[in-house]
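Just so we're on the same page: letters track the sequence lines, and every chain starts at 1.
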Protein chains: 2
Amino acid sequence: MSTSAHAPAPGSAGTVETRYLDLPDPVELDCGRTLHPVRVAYETYGTLAPERDNVLLVCHALSGNAHAAGVAATPPPEGTRDGFAARDRDGAAGRGLGWWDGMIGPGKAFDTDRYFVVATNLLGGCGGTTGPSSTDPATGEPYGPDFPVVTVADMVRTERAFLTALGIERLAAVAGGSLGGMRALEWAVRYPDQVDAIVVIASTHALHPQGVAWNAIAREAILRDPDWRGGRYYGTGRAPDAGMGVARMVGHVTYLSAPALEGKFGRRLQFADDIRHTITEPEFEVENYLRHQASSFVRRFDANSYLYISRALTYFDLAREHGGGSLARALDGVAARTLLIAFSSDWLYPPAASREIAEALRALGKPVEEHVIDTRYGHDSFLLEEARQTPIIRRFLS
Amino acid sequence: MSTSAHAPAPGSAGTVETRYLDLPDPVELDCGRTLHPVRVAYETYGTLAPERDNVLLVCHALSGNAHAAGVAATPPPEGTRDGFAARDRDGAAGRGLGWWDGMIGPGKAFDTDRYFVVATNLLGGCGGTTGPSSTDPATGEPYGPDFPVVTVADMVRTERAFLTALGIERLAAVAGGSLGGMRALEWAVRYPDQVDAIVVIASTHALHPQGVAWNAIAREAILRDPDWRGGRYYGTGRAPDAGMGVARMVGHVTYLSAPALEGKFGRRLQFADDIRHTITEPEFEVENYLRHQASSFVRRFDANSYLYISRALTYFDLAREHGGGSLARALDGVAARTLLIAFSSDWLYPPAASREIAEALRALGKPVEEHVIDTRYGHDSFLLEEARQTPIIRRFLS
């Protein structure tokens with residue numbers, strides 16, 4: 001089960017291929033429905049110890065996938081909806097690198113010399129795991145809007161079933177940023193005796209109302225696109241790309257900070273040093289950048305998956321789901337050691353959310369470590385500030 | 001020229017009617033085109049002094065209009081695109097009150113016992129002043145996308161021409177919030193010998209890149225709506241309401257602060273205390289609120305006007321337009337006394353922007369007064385925090 005690597009670069013997880021596993025049993029969902037069949041796309045890096053006690057599960061965020069590290073054996077074809085890599089924001093996708101390649105590999109934060117790192121695509125996604133674009137066995141057509149509304153807990157149940165199918169019972173750690181951090185928290189609460197440690201980065205126990213609002217606006221942009229067709233756009237030759245583009249632009253600005261945009265673009269105009277008096281064309285560099293982000297995203301991500309995953313992360317609320325409204329009660333059973341990392345300029349998943357979790361765990365006498373990294377890259381810092389996260393994570397895991 | 005008032009409430013500007021004036025001459029625009037005819041919608045409150053030296057021009061923001069104070073003589077018809085009042089955010093529109101009624105009237109911040117207050121709808125608007133929904137004399141059809149791309153300077157030129165037509169040469173003061181504050185600044189720079197004082201609230205000399213991005217996203221949402229039809233939707237029986245709704249939602253969240261949304265909605269669900277597992281329906285109160293804001297806005301505002309005005313306010317850049325890139329050089333000729341008010345939680349027009357203007361004026365030895373009001377209502381504070389602005393403004397103007 002080790003990674004096949006052809007002369008990997010130093011620190012690289014090597015050349016990797018996404019694999020697929022069909023779960024033997026249906027997955028029972030929060031909404032009351034069961035889902036079957038469920039396929040899970042995954043990659044692994046490093047070697048599983050004979051005692052099977054070195055497994056580290058890495059959880060991706062909204063737009064991620066199972067290709068977390070190394071170089072894709074089969075680079076994603078350009079311009080196709082199925083071929084994508086998560087890390088387009090800094091160009092790594094073009095080189096086929098995993099979205100957290102800077103964090104996973106020999107000697108890296110999640111050290112493949114020590115850990116058997118497993119990355120899966122989440123339930124509801126469009127990176128090979130069953131989602132709204134998968135075939136509904138009841139109709140032979142893509143699920144579309146008939147796909148059940150899944151929750152973060154459902155995603156974690158799926159990860160649990162997947163690991164069981166691989167013969168893995170315990171996890172040395174679960175790690176993730178943003179929605180990935182929500183899943184790490186859910187693992188620690190839901191399966192307290194099966195997780196030794198969690199690494200929760202740029203995440204929260206419940207998204208604040210402004211974050212709920214941004215996600216609602218992004219979904220509205222898709223829902224209001226006539227090409228969404230009530231979710232049944234597969235096979236029509238069209239897709240709600242216009243709305244998805246707007247959704248991505250909204251998301252993108254929330255992932256960055258105002259100072260980051262100031263530093264990267266300022267108010268620089270695209271052409272010479274004067275305006276051209278146009279309503280329809282980009283004038284400022286930041287406007288052009290957003291259009292580019294939108295058009296590259298719609299080529300690699302399914303709009304229905306976006307809707308379902310965005311909904312799941314707004315629903316996520318540890319206190320409501322596990323504590324009758326009390327975060328302390330929700331966290332009462334946690335046995336895992338917890339590492340929380342937040343970023344000073346992250347206004348979507350602000351440090352205050354991590355602090356609330358840390359304080360609740362501390363009050364319960366649980367082992368918890370909390371760091372706020374001073375950075376200006378906003379929420380995206382969890383993908384960009386690898387050098388500053390690495391020593392913290394390595395020390396915590398050692 | 002005094003306001004006709006039927007038994008006004010104490011402090012009220014009384015019952016007012018929007019009036020219209022056709023400018024005698026064409027308006028020359030920054031883009032090189034001239035516009036003719038130009039009609040200006042306006043209201044006045046108080047009495048013009050025989051010396052004509054008590055005129056105070058009030059400038060509205062993106063979604064405002066000429067009905068700044070008092071009670072509309074003809075309440076806006078419900079559900080029509082033409083009938084609107086700007087202040088829907090707090091429900092005042094339903095009562096026909098002007099968008100700044102709390103600030104304009106006898107004894108108020110802009111005291112109609114002393115000043116002859118004039119409010120106009122801006123060039124490019126949809127509240128009676130010539131804009132993209134007006135008839136193009138060249139075709140007999142609405143301008144639509146053939147309307148020239150106007151700037152803040154063009155709006156101010158139009159205001160200047162309008163006041164001249166009224167027989168008014170000097171202004172005791174120009175006041176406005178947000179885009180209205182930009183116009184006050186433009187007045188002081190463009191016509192330094194005709195303005196005694198400016199009151200610039202929650203505004204800036206140049207919108208920061210994140211604000212440019214939000215405006216670009218709002219415009220994209222409209223441009224990508226198939227019902228926009230390249231701007232030629234008038235008479236089609238349809239309008240880009242879907243995209244306009246998304247634009248309004250984006251704008252609305254940027255006008256508020258995260259703590260304001262937390263305080264107003266928290267994560268409260270709409271129905272009982274559990275989720276219903278739905279992608280298409282609002283679940284959180286904040287989601288429902290945004291949908292309501294969107295649907296009420298599209299009934300009262302023209303999408304093309306939104307596009308043009310949003311573009312103008314992103315273009316606005318005193319340093320680029322008047323100082324060859326230097327704010328100090330741009331402000332060098334200002335003769336008006338300047339009052340700047342900003343709000344601590346306003347992240348769209350943050351206090352830092354006001355501070356830059358104040359520092360530049362101070363360095364030039366100009367009379368300037370700067371206040372930052374501690375509030376949690378974000379950018380909307382300029383419409384809501386009337387009681388706290390009033391003593392500052394009254395003292396400054398006295």
Side-chain angles (χ1 to χ4, degrees), chain A residues 30-32 145 148-149 151 206-214 216-217 219-221 223-226 230-231 242-243 245-246 249-250 252-253 256-258 261-262 264-267 273-275 277-280 282-284 286-287 290-291 294 304 307-308 311 314-315 317 320 325 347 350, chain B residues 30-32 145 148-149 151 206-214 216-217 219-221 223-226 230-231 242-243 245-246 249-250 252-253 256-258 261-262 264-267 273-275 277-280 282-284 286-287 290-291 294 304 307-308 311 314-315 317 320 325 347 350:
Chain A
D30 272 342
C31 66
V149 176
T151 63
L207 195 59
H208 60 78
Q210 196 196 54
V212 171
W214 290 128
I217 294 170
R219 292 196 308 277
E220 285 284 341
L223 296 176
R224 288 164 179 243
D225 185 330
V246 172
M249 292 184 197
V250 170
H252 203 77
V253 176
L256 295 169
S257 69
L261 286 169
E262 179 72 52
K264 194 166 181 176
F265 302 106
R267 285 181 50 90
D273 52 351
D274 207 359
I275 58 173
H277 300 93
T278 170
I279 298 293
T280 53
E283 281 273 42
F284 295 92
V286 66
E287 294 176 350
L290 288 174
R291 279 209 181 172
N304 279 335
L307 291 173
Y308 277 83
R311 180 43 106 194
T314 63
Y315 276 154
D317 189 334
R320 176 170 55 73
W347 55 289
Chain B
D30 271 342
C31 66
V149 176
T151 64
L207 195 60
H208 61 77
Q210 197 196 54
V212 172
W214 290 128
I217 294 170
R219 291 196 308 276
E220 284 285 341
L223 296 176
R224 289 164 179 242
D225 186 329
V246 171
M249 293 184 197
V250 169
H252 203 79
V253 175
L256 296 170
S257 70
L261 286 169
E262 179 71 52
K264 193 165 181 176
F265 302 106
R267 285 182 49 90
D273 51 351
D274 207 0
I275 59 174
H277 299 94
T278 170
I279 299 291
T280 52
E283 281 273 41
F284 295 93
V286 67
E287 295 176 349
L290 288 174
R291 279 208 181 175
N304 279 335
L307 291 174
Y308 277 82
R311 179 43 106 192
T314 62
Y315 276 155
D317 189 333
R320 176 170 54 71
W347 55 288

| note | Residues passing the side-chain hydrogen bond (donor to acceptor under 3.5 Å, both in side chains) test with A:Y308, sequence neighbours excluded, are none

| field | By side-chain hydrogen bond (donor to acceptor under 3.5 Å, both in side chains) - contacts of B:D317 (at least two apart) | value | A:R267

Can you name the closest pair of heavy atoms from [X] and [Y] and give their distance?
| X | Y | answer |
| --- | --- | --- |
| A:E262 | B:P209 | OE1-CD, 3.0 Å |
| A:G245 | B:R224 | CA-NH1, 3.7 Å |
| B:P226 | A:P226 | CG-CG, 3.7 Å |

| said: As an exercise, state the distance from CD of A:E287 to CD1 of B:I217, rounded to the nearest 0.5 Å. | reply: 10.0 Å

| field | Reported CG-to-CD distance for the pair A:L290 and B:E220, which is rounded to 0.5 angstrom | value | 8.5 Å

By a 4.5 Å heavy-atom criterion (distance strictly below it), what part of [X] contacts chain A: side chain, backbone, both, or neither?
| X | answer |
| --- | --- |
| B:L223 | side chain |
| B:D274 | side chain |
| B:V250 | both |
| B:A206 | both |
| B:Y315 | both |

| task | Please flag which part of A:V246 lies under 4.5 Å from any non-hydrogen atom of chain B: side chain, backbone, both or neither. | result | both

| request: Taking the side chain as every heavy atom from C-beta outward, state whether B:T278 and A:V149 have any pair of such atoms under 4.5 Å apart. | output: no

| query | Do the non-hydrogen side-chain atoms of A:R320 and B:I275 ever get within less than 4.5 Å of each other? | reply | yes

| note | Among A:L207, A:T280, A:N304, the residue with the most heavy-atom pairs under 4.5 Å to chain B is A:L207

| Which of B:V253, B:D225, B:L256 touches chain A most, by non-hydrogen pairs under 4.5 Å | B:V253

| note | chain A shares the most heavy-atom pairs under 4.5 Å, among B:F284, B:W347, B:W214, with B:W214

| Carboxylate-amine/guanidinium proximity below 4.0 Å for B:R311 and A:E283 | no

| task | Output, in order, the C-alpha distance, side-chain angles, deciding distance and verdict of side chain to side chain contact (heavy atoms under 4.5 Å, CB included) for A:H277 and B:T151. | result | CA-CA 9 Å; A:H277 300 93; B:T151 64; 4.1 Å; yes

